[in-house]
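All remarks here apply to the structure that follows.
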Amino acid sequence: MSNQVSKKVRHILSVSGGKDSSALAIYMSNRQYWRERLGKIANTPIQNVDMEYVFCDTKEELKETYEYLYKLEAYLRKKIERLSIADGEGFQYWLQVHGNYLPSPRMRWCTIQLKIKPFERYVGSDLVYSYIGIRADEDRDGYISKKENIIPLYPFKEDGIDRDDVIRILEESSVGMPDYYKWRTRSGCYFCFFQRKSEWIGLLENHPELYEKAKSFEKLGDETGSKFTWTEGESLEDLAHPSRIAEIKANHEKAMSREKRAKPNRPLVEVLAEVLDAENDDTACNICHI
Ligand code: SF4
């Protein structure tokens with residue numbers, strides 16, 4: 001493929017189905033208004049851009065994510081383009097290509113195949129400003145393409161928008177939080193290996209059929225004796241044992257109560273995010289979890 005950059009300039013905001021990228025879409029739809037509303041000092045002048053909204057659909061998403069995208073589209077009054085993986089090249093195809101090795105934080109082939117490639121195909125050789133919803137209070141970078149025609153921009157960092165602001169944007173726009181926030185704080189595939197133990201229990205209780213599907217991808221004690229499990233050192237079968245569920249839930253409840261007492265009067269979503277981060281602070285995926 002040619003590395004030549006075409007003259008067409010586009011502005012693309014990729015929503016993940018998570019709270020931050022969704023809040024950014026709302027924010028960018030009327031940046032001047034939201035800056036004033038949140039009392040933020042602007043570092044850069046306002047530009048009116050014709051934004052394209054996209055969602056890279058892994059076909060392994062929660063139904064709550066699709067429902068949330070419809071809500072967001074209704075607010076934006078604009079379609080969010082669903083970027084699909086090529087026919088026959090879904091998760092199971094790539095799992096076979098990778099010798100049944102499940103993806104993991106160290107081997108994130110899923111992000112490359114299911115998220116990055118469809119996005120780069122959509123962009124082609126146009127010059128693209130890619131708007132990323134990393135917040136001012138986060139110490140991480142979002143998707144940074146190696147393609148010279150994709151330029152990342154971080155409006156929340158520029159404008160000093162933090163987690164509290166994001167929650168306000170979502171509440172005041174009436175879009176609210178994604179429904180899966182009752183039990184899980186990260187967007188992305190239902191089987192995502194970045195899930196914390198209590199989130200797996202949330203999947204089991206809210207979508208038992210998806211839990212079973214995730215379980216079916218694990219390989220335990222095959223002829224080589226190797227184990228491929230989603231969470232390190234514990235299979236989903238073991239995790240679903242009643243005594244283990246009770247233990248995980250009790251620990252989670254204790255941590256929630258501790259966190260609520262430590263800093264009272266915070267929205268529950270904030271408490272949940274703190275607790276889950278403390279449970280496992282593996283850096284979230286900088287493409288899927290924004
Ligand atoms: S959500 Fe998780 S499993 Fe899905 S593509 Fe992203 S990192 Fe991989």
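Just follow the structure's listing: the first ligand is 1, and inside any ligand the first atom is 1. Heavy atoms only: backbone and side chains are in, while hydrogens, waters and symmetry mates are out.
- Judged purely by distance below 3.5 Å, without hydrogens or angles, the side chains of His207 and Glu64 pair a donor atom with an acceptor atom.
- In this structure, Asp20 pairs ionically with Arg135, as a charged nitrogen and a carboxylate oxygen lie closer than 4.0 Å.
- Between Lys117 and Glu89, no side-chain nitrogen of the basic residue sits less than 4.0 Å from a carboxylate oxygen of the acidic one, so the salt-bridge criterion is not met.
- We find that Glu232 and Arg106 are joined by a salt bridge, their nearest charged nitrogen and carboxylate oxygen being less than 4.0 Å apart.
- Distances shorter than 2.8 Å separate atom 2 (Fe) of ligand 1 from the protein N/O/S atoms Cys192 SG.
- Relative to the ring axis of Phe55, Lys115 places its NZ or CZ within 45° and under 6.0 Å from the centre.
- Geometrically, Arg184 does not engage Phe191 in a cation-pi contact, judged by NZ or CZ lying under 6.0 Å from the ring centre and within 45° of the ring axis.
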